[in-house]
Every structure is written in structure tokens, then in C-alpha cells.
Amino acid sequence: MKSYKIYIDGQWIESMNKEQITVTNPATGEVVGYVPKVGETETKKAIDAANNAFKSWSTTTASERANYLWKLYHLLLENKEDIARTMTMEQGKPLQEAIGEVMYAAGFVQWYAEEARRVYGETIPASKENKRIRVLKQAVGVVAAITPWNFPAAMITRKLAPALAAGCTMVIKPASQTPITAIKIMDLCEKAGFPKGVVNLVTGNANEIGKTIMSDFRVRKLTFTGSTEVGKILMGQAGETVKRISLELGGHAPFIAFEDADLDKAVTGALASKLRNCGQVCVASNRFYIQESIVDKFIEKIKSKLADYRVGNGLEEGVNLGPLIDESVYNKVEKHIEDAVNKGAKIEFGGKGSKAEGNTPGHFLQPTLLSNVTEDMLIMKEETFGPVIPVLSFKSEEEVIERANNTNYGLAAYFYTESLARSIRVSEALDYGIVGVNDGSPSTPEAPFGGFKESGLGREGGHHGIEGFLETKYVSVQI
Ligand code: ADP
């Protein structure tokens, strides 16, 4: 089994203490490969390299930076099958979905190759005739990116592309469950010819790497995607050096179907928003509010569609629902189902996991539909990160908006209606950063992605996504 290396200052290196992390396949339990388990020493070296490279990289022209990104974009497309296969092996998502993610990941590189050349400053009319006011946008400095395992490629490029486009240099720490996809992307960065030190990658002890990054003044910006819990720790640590931070944290998305919805579209949207990546998505619908008069029909339709899902190893033909990433995620999802059932929920479909079916090394769970769900259940409060659809009913628009907004999370919300007026009213009333109106999959490189409340800070994607990597400098000129 292959041992991979980390990438610092244009060199592939092993961990100094030779310790390694074993990466396993969540579908089979087999070893996929080994990556270095590094800590403070290597992280410091990566920051040194990024810091040394910053001066020259930040003063290249936007057009030069765009050209490197275009190269990376084409390399990602050329290598999409290989990266996707690696992703399926270490992350579990079905191969077709993994290919889709690589295309999505490449989309961010393409978008920011274009946006690199659209970072504009301002000239503001001054109040004194002998003064001129210029506003410049400049790269913020060395950026650290800490990324999660659920989208091992896209969560890297969504940060890397705008940071490099803006003129920043980077240190990236991928999740320990899915570091090989990240290493393959680094390999393509090397092939794209980015100068040494511009991008660096370390794998290893999250806590130690995190602390090293957060306490180092030279790192001027942290961009993080992961749990709200870790996001809060990092936000606290950022105070020490007043680092700029962008956080993409957890969600608890409501999905609402009004009685004037096109029910078939609502069912398709519900499944798209819930079952992608086996529900391990921060924008996944977690609570399904269906208006009273259509709730029975909705349940019947979802049930019949769930029968078409095939759970298994994502490399096998026909499998469209992979395993959960690991035992802790599996246990949490099972706990949510158990708690709901204990409090009176009815399992309309699924509910069984591979543990109940006998000892397989994979962490599989059937797609599960629950009815008779009530607001006091755990599943209504915590992010599930699994293929479970808890259905509740509601009476009025006013009531459902209040229930939908009654959470500390504020990432994504979805609703279905054929009424134009309602679509405007409800989209304005929902306290969420992303609202899908008759759309179960709104994520795209062109649009700003991010949350209200405890779901995060800042936006990724769109022309907004580059802002977090830029400082605003006011230059006052007296003539
Ligand atoms: P998840 O629940 O999706 O695994 P985490 O927030 O635990 O989300 O992980 C997201 C990323 O944050 C991963 O790369 C993980 O290694 C990293 N991480 C976890 N704990 C810390 C920490 N204390 N400091 C810095 N990074 C951390």
C-alpha cells in the first residue's frame, strides 16, 4: 500500500518522526494508503515557505495568476477519473458522484481564474480639491485552509482558487479521513507550475497543526470548513493574532413543501438535498415540514422512490448510496433514529444499519423515512449527517417559518411552492444564507455560499468569495 508525502516549498517530504496516518476505505475497511502524521515542526516549515513565496506571488499580475489557475483547471478535468476513484475509496461516495464533485471542484478554479482579473479598487471624489482618495484591494497574506472529509476536493478548491487568485499563498490541512484526494490535487498544482511555496500541504495531528497555524502571526487568514464545535475553537484562537477568518460550519436545513407545491418536484428536490453523499452534507435537509393536506401523499411518494436506492461500495456499478464515513458518524445517525423511535416516530422505510445486519467492516445505513416526528426529538436539534428523512406536518405559512427559523443554525433552507408571491415572501423571511426555491441543489461556483448565525462567517463562491482574501487599503494623496 502506498505511502504518500506532504508538500512543502515545492518538495514532497516525509514526516520527520516517520509517524503515519492510515487511511481506510469506509465501504470495506481496507487500507487505501498512508500519509504523514506531522505536527508543529513541519507546519512551521510550510508557513515559512508560504511566507517566503508571498512577496513575489502577490506582486505577479492577475493575468499570470489566472493562467496558472487555468492550467490547474484543465489538469483537474484531465485527471477527474483518477481523483474521483481515490475519493470514492477514501470517502465512500459513489463514483459518479465523486466525478461530479471533481467537476464542481474544477468549476471553482475556472471561476476564480476569471475573477482574478476582476479585482477592482476605487477612486472616491475627495472633499478637498488638493486631495485624491484611492482604494486598493491587496492580498491579505499567508492563508491557512482547514478542510473537511465530506467534499475532499471541492472544499479545497473553493478556498485555494480565490486565495491564489487574490495573490495569497497557502498552507492547507485536509481532513485525516480523506488526505489522498488533497495530495492528488497538490500533485496537479505542482504540474500546473505554481512557484514553490505558493501552495503547501500538511497532514497529521489536527489539534497541533491547528494550534501552530493559529498562533503564528504570519498567517493572516484562516478559512475553515467543518463542525460548528471546531469552528468556535478556531474563532477563539484567531483572537490571539487578530486573524481574518471565514467559517463554513454546520447546518440544520429545513425543507418545506407547501400545499401549492408541485409534489413531484418537491420529492425530487427532497431526495437530492438529503441523499447526496449519503446525507453527509452541511446543506442537507434535516427537517421536512410538509403541509398537512399533502403529508400522506409526500410520504408515499418518497417511500416509493427510496426503494430505488442501492446501498453499497461506491465503486460498484449501480450503487447510488455509499457508506457513512466512519463509526462515529454511523453511531450518531443510529442514535438519532433510535431516539426518534423511542419518542414515538414511525419508521416508514429503512432504519437498518449494517451493524444490525451482521458484522461488515463498512458503515452502511439504509435510507430511512420517519413519520410522526416531533420537535423534541434529537434529530430536530442536531445535525444528523446521514440518510434520514424525518417528516413533520404544519398548518400555516407563518407557523412553519417560525419553526424553520427556530435554531442556532442558518446555513441552507429549501421550500417548494408554485406561488410567486409566496416564493418571495418566504425566501425573505427565512433566516438562512442559502435558500433553494423549488431547488434542492443550489450550490454552484458562481454564487455566494455561507451561513447566518452559528453556521459561519463570510461567503465562498461568487465574486463575494474572493473578498475574504483581500485587504482594503485607503491611500490619501495630497497634491
Ligand atoms: P467533522 O465533524 O466534519 O469531522 P471537524 O470540524 O471535526 O468536522 O473537522 C474539520 C477539519 O477540522 C478537519 O480537517 C479536522 O482535522 C480539523 N480539526 C479538527 N479539530 C481541530 C482543531 N482542534 N484544530 C484545528 N483543526 C481541527
Side-chain angles (χ1 to χ4, degrees), residues 6 21-24 26 35-40 42-44 46-47 87 90-93 143-160 170-183 185-186 200-216 219 221-241 243 245-252 277-284 286 323-333 335-336 363 382-386 409 411 451 454-457 460:
I6 54 174
I21 295 174
T22 306
V23 181
T24 53
V35 301
K37 186 175 184 183
V38 309
E40 186 180 354
E42 292 83 352
T43 307
K44 281 270 176 222
I47 298 171
M87 192 191 301
E90 65 179 0
Q91 201 276 338
K93 68 181 64 180
V143 171
I146 300 181
T147 60
W149 49 262
N150 60 345
F151 289 92
M155 294 306 99
I156 290 179
T157 59
R158 192 156 87 171
K159 299 175 186 312
L160 171 149
M170 297 193 90
V171 176
I172 301 169
K173 193 212 86 67
S176 300
Q177 294 93 332
T178 57
I180 305 175
T181 302
I183 289 168
I185 293 175
M186 281 306 102
N200 305 276
L201 178 105
V202 290
T203 55
N205 183 324
N207 200 14
E208 194 176 327
I209 295 173
K211 279 197 180 133
T212 310
I213 285 171
M214 296 314 285
S215 61
D216 196 314
V219 177
K221 158 97 188 181
L222 168 77
T223 167
F224 170 77
T225 300
S227 61
T228 296
E229 192 190 348
V230 174
K232 286 181 179 178
I233 297 174
L234 295 169
M235 193 168 174
Q237 292 174 347
E240 199 183 326
T241 58
K243 264 187 227 325
I245 48 172
S246 301
L247 305 171
E248 296 288 354
L249 310 178
H252 202 275
N277 203 11
C278 204
Q280 303 168 111
V281 183
C282 49
V283 291
N286 220 80
L324 292 163
I325 187 81
D326 58 26
E327 189 152 0
S328 70
V329 171
Y330 176 97
N331 287 344
K332 183 176 183 194
V333 183
K335 189 168 114 192
H336 279 190
H363 309 286
E382 293 178 3
E383 188 175 34
T384 305
F385 248 52
Y409 291 113
L411 189 55
E454 291 192 5
S455 286
L457 277 180
E460 292 187 323

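All heavy atoms count here, side chains included; hydrogens, waters and symmetry mates do not. Not measured: the values here are computed from a predicted model. All ligand and atom numbering here is 1-based and tracks the order in the structure. In this chain, residues are counted from 1 in sequence order.
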Mind checking the [atom1]-[atom2] spacing from [X] to [Y]? Nearest 0.5 Å is all I need.
X    : Y    : atom1 : atom2 : answer
T225 : I156 : OG1   : CD1   : 10.5 Å
L201 : M186 : CG    : CE    : 5.5 Å
N277 : C282 : CG    : SG    : 10.0 Å
Q91  : I180 : CD    : CD1   : 13.0 Å
T228 : H252 : OG1   : NE2   : 11.0 Å

Mark up the atoms of ligand 1 that fall under 4.0 Å of a heavy atom belonging to [X], in ascending order.
X    : value
N207 : 23 (N)
G226 : 6 (O), 10 (C)
G210 : 25 (C)
F224 : 6 (O), 10 (C), 11 (C), 12 (O)

Ligand 1 contact by [X], heavy-atom criterion under 4.0 angstrom:
X    : result
P174 : yes
W149 : yes
I146 : yes
L234 : yes

Is the NZ or CZ atom of K93 both under 6.0 Å from the centre of the six-membered ring of F151 and within 45° of that ring's axis?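 Yes, a cation-pi geometry holds between K93 and F151.
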Regarding E90 and T181, is there a side-chain donor-to-acceptor distance under 3.5 Å anywhere?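 Yes - a donor-acceptor pair under 3.5 Å links their side chains.
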Give yes or no for whether the N/O distance cutoff of 3.5 Å, strictly under, is met between K173 and ligand 1. yes
Of the choices V230, I209, T225, which has the non-hydrogen atom that lies closest to atom 10 (C) of ligand 1? T225
Option with minimal heavy-atom separation from atom 5 (P) of ligand 1, where the choices are P148, A206, S227, S328: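 Comparing heavy atoms across P148, A206, S227, S328, the nearest one to atom 5 (P) of ligand 1 lies in S227.
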Return yes when atom NZ of K44 has more than 12 non-hydrogen atoms of other residues, nucleotides or ligands closer than 6.0 Å, and no otherwise. yes
For ligand 1, the portion of T147 having any non-hydrogen atom under 4.0 Å away: backbone
Is a side-chain N or O of K243 found less than 3.5 angstrom from the main chain of V219, in a donor-acceptor match?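 Looks like yes, one N/O pair under 3.5 Å.
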Looking at atom 1 (P) of ligand 1, tell me if a protein heavy atom falls under 4.0 Å from it. yes
